[in-house]
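So the structure is just underneath, and the comments pick up after that.
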Protein chains: 2
Amino acid sequence: MFNLIKNHDCRQELKGFEVKATPARLAVMKFLESSNQPVDVNAILDYLTRESIHADPATIFRMMNAFVDKGILKKIDFREGKTRYELSSKGDHHHLVCTNCGNVERIEDSHMKEFEEEIKKKKKFLVKSHSLEFFGICQNCQS
Amino acid sequence: MFNLIKNHDCRQELKGFEVKATPARLAVMKFLESSNQPVDVNAILDYLTRESIHADPATIFRMMNAFVDKGILKKIDFREGKTRYELSSKGDHHHLVCTNCGNVERIEDSHMKEFEEEIKKKKKFLVKSHSLEFFGICQNCQS
DNA sequence: TTGACAAATGCAAATGGCTTGCATATACTA
DNA sequence: TAGTATATGCAAGCCATTTGCATTTGTCAA
């Protein structure tokens, strides 16, 4: 029943973005909502396999691009040679990526707004988006 | 003669990083120094061709990785599906990438130090590096 | 200056993320 | 419930990047 509610929510959301609500898409949305860090296409495919939902990689890549274009998702780059994706609805924040263990922590955005204002004023450049990730050693790996 | 001096400088620099100074490497360093924005491997190969220096792509990719490991270069991602590289010696700054015309402008780093301090204090995360690029519309493309 | 050795290179093949063309299937709307 | 735009599957292909291996070339000590 919980799933039904969830699926219903996503259905509405996808409708709002003018994209069709297919089983694969609903499952992907559910996965993205439940994930506490940006995921890559392989993680999505694995999840779908676990859920016994068949999907071709090409379909997922196309889905990701469509969702990014619609503003549903953001692309995130952790310098892994592949793209990760995150729900835009998760709000503005950045990531602390541990280069030792791979752990990812969220950190709220507290300086970018003013930075972007500054850019608009000083450079007359209209910022649409930015990417900011921090790389280093997490607390756990320091000891 | 100017070139000799330049080459000599790079030779010393490379020596400092404990890597061998080959003709290709000296040329690449010269190119990176003269460039006012991060360059990709193809741009490097084109430059070398113009300078009549033969080099295999694999060699350049290996060179880039070695230089990044040694701290000579930084990797930069402009969301183009390929990596750009920039001399670390060019200092801390970020880029304004126009998604319309592709123009790249530098902007000095004015908020990251405090942000990183905050991260160290609040999250006990030891920041080694970060990536920050802004995407939007440049002044030229706004009119 | 030379000889030895580690490091760098060239070439070819392979990898991997991502895209594309086309035929088919499916979700939405009237 | 039929019609249509959209989404999907599959196969082929693209492009950035890596890798194995044989060969060459800096570097440094003698």
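Here the structure is a predicted model, which is why all the values come from computation and not from measurement. Each chain gets a letter, A, B and so on, in the order the sequences are listed, and its residues count up from 1.
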- Item | Check: R62(A) side chain, dG9(D) base, donor-acceptor under 3.5 Å |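 It does, because a donor-acceptor pair links the side chain of R62(A) to the base of dG9(D) below 3.5 Å.
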
- Query: Can a side chain N or O of T22(B) be found less than 4.0 Å away from OP1 or OP2 on dA7(C)?
  - Reply: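 It does not, given that no N or O in the side chain of T22(B) lies less than 4.0 Å from OP1 or OP2 of dA7(C).
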
- Task: Would you please confirm or rule out a distance under 4.0 Å between OP1 or OP2 of dC11(C) and any side-chain N or O of H54(B)?
- Result: yes

- Query: Taking the nucleotide of DNA chain C with the closest heavy atom to each, which residue, T83(A) or V19(B), is nearer the 5' end?
  - Reply: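 Checking each residue's closest nucleotide, the 5'-ward one belongs to V19(B).
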
- Query: In terms of the nearest nucleotide of DNA chain C, which residue is placed more toward the 5' end: N42(A) or T59(A)?
  - Reply: N42(A)

Nearest whole angstrom, please: distance from the [atom2] of [N] to the [atom1] of [X].
X	N	atom1	atom2	answer
M64(B)	dT19(D)	CE	P	17 Å
M63(B)	dT17(D)	CE	P	15 Å
F61(B)	dG20(D)	CZ	C1'	18 Å

Base, sugar-phosphate or nothing for [X]? Non-hydrogen atoms, less than 4.0 Å.
X	answer
N65(A)	sugar-phosphate
A66(A)	nothing
K82(B)	sugar-phosphate
V41(A)	nothing

- Audit row: H130(A), H94(A), ring-ring contact (aromatic ring centres under 6.0 Å, His included) steps and yes/no: CA-CA 10 Å; H130(A) 65 252; H94(A) 307 293; 5.4 Å; yes

The side chain of [X] is closest to which nucleotide in this list: [options]?
X	options	result
A58(A)	dT20(C), dA27(C), dC28(C)	dT20(C)
K15(A)	dG10(C), dT29(C), dG26(D)	dT29(C)
R25(B)	dT19(C), dC28(C), dA8(C)	dA8(C)

- Query: Checking T99(B) side chain against F135(B) main chain: does a donor-acceptor pair fall under 3.5 Å?
  - Reply: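 Flag not set: sc T99(B) to bb F135(B) has no pair under 3.5 Å.
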
- Message: Is there a side-chain contact between R84(A) and K75(A) in this structure, where contact means two heavy atoms from C-beta onward sitting under 4.5 Å apart?
- Response: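 In short, these two side chains do not touch, never coming nearer than 4.5 Å.
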
- Message: Does I53(B) form a side-chain contact (heavy atoms from CB on, under 4.5 Å) with Y47(B)? I'd like the steps, not just the answer.
- Response: CA-CA 9 Å; I53(B) 298 173; Y47(B) 172 79; over 6 Å; no

- Item | Under-4.0 Å salt bridge between K90(A) and E86(A) | no

